[in-house]
Structure formats: C-alpha cells, structure tokens
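In what follows, chains are A, B, ... by sequence order, proteins preceding strands, each numbered from 1.
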There are 2 protein chains.
Amino acid sequence: MGTMETRLFPAQRSDVCRDSVLLGPSEHAIPASLVDTAIAARLARVFQALSDPTRVRIISLLLEHELCVHTSTEALGMQQSAVSHQLRTMRDMRLVRARKDGRHVYYTLDDRHIGDLFRQGLAHSQHL
Amino acid sequence: MGTMETRLFPAQRSDVCRDSVLLGPSEHAIPASLVDTAIAARLARVFQALSDPTRVRIISLLLEHELCVHTSTEALGMQQSAVSHQLRTMRDMRLVRARKDGRHVYYTLDDRHIGDLFRQGLAHSQHL
DNA sequence: CCCATGTATGAATGTATGCTCATATGTTAC
DNA sequence: GTAACATATGAGCATACATTCATACATGGG
C-alpha cells in the first residue's frame with residue numbers, strides 16, 4: 001500500500017509550463033506519476049468492471065455469501081437472462097467465481113480486494 | 001474502513017435457495033447487503049468516472065501537482081480537444097477542479113479520495 | 001422417458017460515450 | 001487592431017455495452 005508516496009494537495013503553482021521556460025520550448029517535464037498506457041488500460045478495466053449499477057448490486061449481494069443465479073435474479077428484480085449475462089461478464093473480468101451444484105450455479109466474489117474497492121468507492125460516493 | 005464486517009471467503013453452502021425451503025417458495029431472504037438502486041447508481045457512477053484509460057492517465061498526471069491543459073495534452077500525446085473534453089467530463093464528475101490563470105487553465109484532483117481509489121485500484125490491477 | 005426447473009447464450013436493439021474535425025472564445029504580445 | 005497561443009465546445013461518427021427475446025443446454029423428479 002505505501003508504495004507510492006504522493007502528497008495530493010500541495011496545490012503548488014508549479015506547472016510544467018513554467019518549467020518549460022527553463023527547459024526549452026518542447027522540453028516539458030512529464031510527471032513521473034504518469035502511468036504507462038498498458039497499465040492505464042488494465043486499471044481502467046478494473047474500474048469499468050464496477051461501473052455498472054447492476055454489477056454493483058450483484059457485488060453487494062455477494063458480499064455476505066455465495067448466491068445462486070435464481071436467488072440473485074429475484075433479489076435484483078431483473079430478468080434471469082440479464083443477470084446471467086452480467087455474471088458471465090463478471091466471470092470474465094475475474095470479479096466472481098462459479099461453483100456448480102446440481103442444476104444450481106453458485107457465485108462468489110473472486111477476490112476480497114473487490115469487496116475492498118467496493119467499500120471504498122461506497123464511502124467516497126456517500127461523502128460526495 | 002472497518003464499518004462493514006464481512007468475511008468474504010466462508011464459501012458456505014448457505015444459499016437462500018435452501019432457506020426458501022424453510023421460508024416458503026417466494027419467501028427468499030434477500031441479503032441485507034444489497035444496496036438500494038439509487039445508491040448503486042451513484043456508486044457505479046463513481047467507478048465509471050475511473051473506467052477510461054485516458055481519465056486514468058490524467059488522474060495519474062495530477063497525482064503530483066496541478067497541470068495546465070497544454071502540458072497534459074503533450075504528456076498524454078493526444079489531441080487538445082480530446083483532453084479538454086475529458087477534463088470537462090471529469091469536472092462534471094467532480095474528479096478535478098479548474099483554476100484559471102491568464103490563458104492557462106490549471107487542473108487539480110478535486111478530492112484526495114480519488115487518489116486513494118486510484119491507488120487501491122492500481123494495487124488490485126497489478127496483483128491480478 | 002418427459003417435463004419442470006435452473007442456467008447459458010446468440011441475435012437484435014437502443015443508448016452511452018470517446019474521439020476527431022471544425023470552430024468559437026478568451027488572452028497576451030506586438 | 002492583429003496575430004499567436006490556450007482552451008472550450010458542438011456536431012458527427014464509430015464503438016462499446018446493457019438489456020430483451022428466443023432458444024438451447026443441463027439436471028433432477030415423477
């Protein structure tokens with residue numbers, strides 16, 4: 001966690017535009033914190049996985065314990081097809097895992113980090 | 001952080017389908033953790049704000065200090081118009097704040113929580 | 001074996017969204 | 001004023017994606 005030490009709120013008037021006067025016109029100092037394109041894409045993908053209301057609600061459902069598709073469908077008040085499609089998406093995104101038992105399929109959150117992100121996002125969205 | 005105590009990985013076979021046997025056919029116990037539709041929508045919106053590679057890169061840029069549009073544009077290697085459009089979106093989403101100075105406009109992260117979310121998401125995306 | 005139940009999936013559709021191009025607005029310098 | 005620079009914005013386009021409908025697949029009960 002403490003890998004990236006960055007004070008967020010200096011709000012210094014230290015723009016690189018000023019630096020460019022010292023460095024020369026095209027010699028802009030690109031902030032070292034700029035993430036690589038590939039990294040950015042992966043990170044965006046993670047957030048995108050959580051960027052849909054239905055998926056958010058599914059995650060909240062699974063925070064407590066695993067649920068089968070049928071129950072989730074009823075809890076969400078949506079069509080079974082829609083839920084299955086989302087669960088498929090979420091499986092591809094490694095958000096959930098499926099366990100088959102007879103004709104039921106039970107879904108669980110794949111990773112506790114997902115729950116953590118969910119909760120932190122929730123905290124932020126409430127203090128907005 | 002410790003507001004919601006949920007063990008994520010009991011993987012108990014405690015689905016409500018089983019409970020429904022006890023409760024009656026349509027008497028499914030909906031997990032209390034299921035968030036309200038409005039809450040879910042807001043939360044999804046927060047994550048959606050971070051769900052685009054360009055926005056992610058912009059956030060990473062602004063982690064260190066404020067930057068003007070021009071510098072950001074060069075750092076990102078994108079068209080000025082594209083960056084301005086994104087910054088506009090991000091302003092609407094309360095991700096960034098603008099400060100005007102002469103012909104420059106400097107952007108900062110609006111809230112330190114954004115940086116926190118960013119870092120936590122980054123951590124998750126890397127351990128995937 | 002047949003039927004009900006639980007789940008998955010493909011096609012179609014509507015909508016959201018990110019980018020580009022062109023252009024408008026605002027500011028500084030000459 | 002006029003030119004150069006910095007930023008914003010609207011229209012158009014292409015793509016991504018969430019849902020619905022119809023249907024297929026799988027399993028268990030009678």
Side-chain angles (χ1 to χ4, degrees), chain A residues 15-18 20-21 25-26 28 37 40-41 44-45 47-59 66-93 95-108, chain B residues 13 15-18 20-21 25-26 28 37 40-41 44-45 47-59 61 66-93 95-108:
Chain A
D15 193 294
V16 192
C17 283
R18 257 158 258 266
S20 70
V21 177
S26 51
H28 289 278
T37 322
R45 212 61 199 167
F47 288 122
Q48 202 215 7
L50 302 166
S51 70
D52 175 77
T54 300
R55 284 194 292 274
V56 162
R57 297 181 79 216
I58 291 179
I59 291 174
E66 64 175 9
L67 284 180
C68 72
V69 180
H70 181 246
T71 304
S72 304
T73 298
E74 290 209 342
L76 296 172
M78 301 181 55
Q79 303 218 165
Q80 179 266 319
S81 172
V83 176
S84 261
H85 274 299
Q86 287 293 7
L87 285 170
R88 171 82 161 117
T89 304
M90 295 174 78
R91 232 172 39 199
D92 292 344
M93 293 166 162
L95 284 186
V96 298
R97 252 188 331 225
R99 171 177 76 82
K100 195 168 181 180
D101 180 31
R103 28 184 180 181
H104 297 292
V105 176
Y106 296 90
Y107 282 89
T108 329
Chain B
R13 337 237 127 175
D15 193 293
V16 192
C17 282
R18 258 157 257 265
S20 72
V21 178
S26 52
H28 289 279
T37 322
R45 211 62 197 166
F47 287 122
Q48 202 215 9
L50 302 165
S51 71
D52 176 77
T54 300
R55 285 196 291 275
V56 162
R57 296 180 80 215
I58 291 179
I59 291 174
L61 272 178
E66 64 175 10
L67 283 180
C68 72
V69 180
H70 181 248
T71 304
S72 303
T73 298
E74 290 209 341
L76 296 172
M78 301 180 57
Q79 302 220 164
Q80 178 268 318
S81 172
V83 176
S84 262
H85 274 299
Q86 287 292 8
L87 286 170
R88 170 79 161 127
T89 305
M90 296 174 78
R91 232 172 39 200
D92 292 345
M93 292 168 163
L95 284 186
V96 298
R97 252 185 335 225
R99 172 178 75 83
K100 196 169 181 180
D101 181 30
R103 35 183 176 179
H104 296 292
V105 177
Y106 296 88
Y107 283 89
T108 329

Exam field: side chain Arg45(A) to backbone Met93(A), donor-acceptor pair closer than 3.5 Å: no

Can you tell if the side chain of Ile58(B) reaches within under 4.5 Å of the side chain of Ser72(B), non-hydrogen atoms only? no

Taking only side-chain nitrogens and oxygens of Lys100(B), does any of them come within less than 4.0 Å of OP1 or OP2 of dG26(C)? no

Residue pair Arg55(B)/Arg88(A) against DNA chain C: nearer the 5' end by closest nucleotide is Arg88(A)

Base, sugar-phosphate or nothing for Thr89(B)? Non-hydrogen atoms, less than 4.0 Å. nothing

What is the separation between atom NE2 on His70(A) and atom P on dA8(C), rounded to the nearest whole Å? 13 Å

From the options dA11(C), dA8(D), dG10(D), select the nucleotide whose nearest atom is closest to the side chain of His85(A). dA11(C)

Between dG18(C) (P) and Leu50(B) (CG): distance, integer Å: 12 Å

Base, sugar-phosphate alone, or nothing: which one does Gln86(B) contact when heavy atoms must sit under 4.0 Å apart? sugar-phosphate

Hey, does the side chain of Ser81(B) come within less than 4.0 Å of dA22(C)'s phosphate (OP1/OP2), counting only N and O? no

Whole angstroms only, please: what is the CE-C1' distance between Met90(B) and dT17(C)? 15 Å

Tell me the interatomic distance from Asp101(A), atom CG, to dG6(C), atom C1', rounded to whole angstroms. 12 Å

Looking across every strand, which nucleic acid part, if any, lies under 4.0 Å from Arg45(B) by heavy atom: base, sugar-phosphate, or nothing? sugar-phosphate

Option from Arg91(A), Glu66(A), Met90(A) for which side-chain contact (heavy atoms from CB on, under 4.5 Å) with Tyr107(A) holds: Arg91(A)

Which pair of non-hydrogen atoms, one from Arg57(A) and one from Ala75(A), has the smallest distance, and what is that distance? NH2-O, 4.3 Å

Of all the choices, dA8(D), dA8(C), dT9(D), which nucleotide is nearest to the side chain of Tyr107(B) once you look at every atom? dA8(D)

Is it the case that the side chain of Arg55(A) and the backbone of Ala49(A) share a donor-acceptor pair, with hydrogens and angles ignored and the cut-off at 3.5 Å? yes

Length of the OH-C1' vector between Tyr106(A) and dG6(C), whole Å: 10 Å

Less than 4.0 angstrom between a side-chain N/O of Gln80(A) and OP1 or OP2 of dG6(C), yes or no? no

Would you tell me if any nitrogen or oxygen in the side chain of Gln79(A) comes within less than 4.0 Å of OP1 or OP2 on dA18(D)? no

Rounding to an integer number of Å, can you tell me how far Arg91(B) CZ sits from dT7(D) P? 12 Å

In this structure, how many angstroms lie between the C1' atom of dT7(D) and the CG atom of Leu87(B), rounded? 10 Å

Rounded distance (Å) that lies between atom P of dA16(D) and atom CZ of Phe47(A): 22 Å

Is the shortest side-chain N/O distance from Arg103(B) to OP1 or OP2 of dA4(D) below 4.0 Å? no

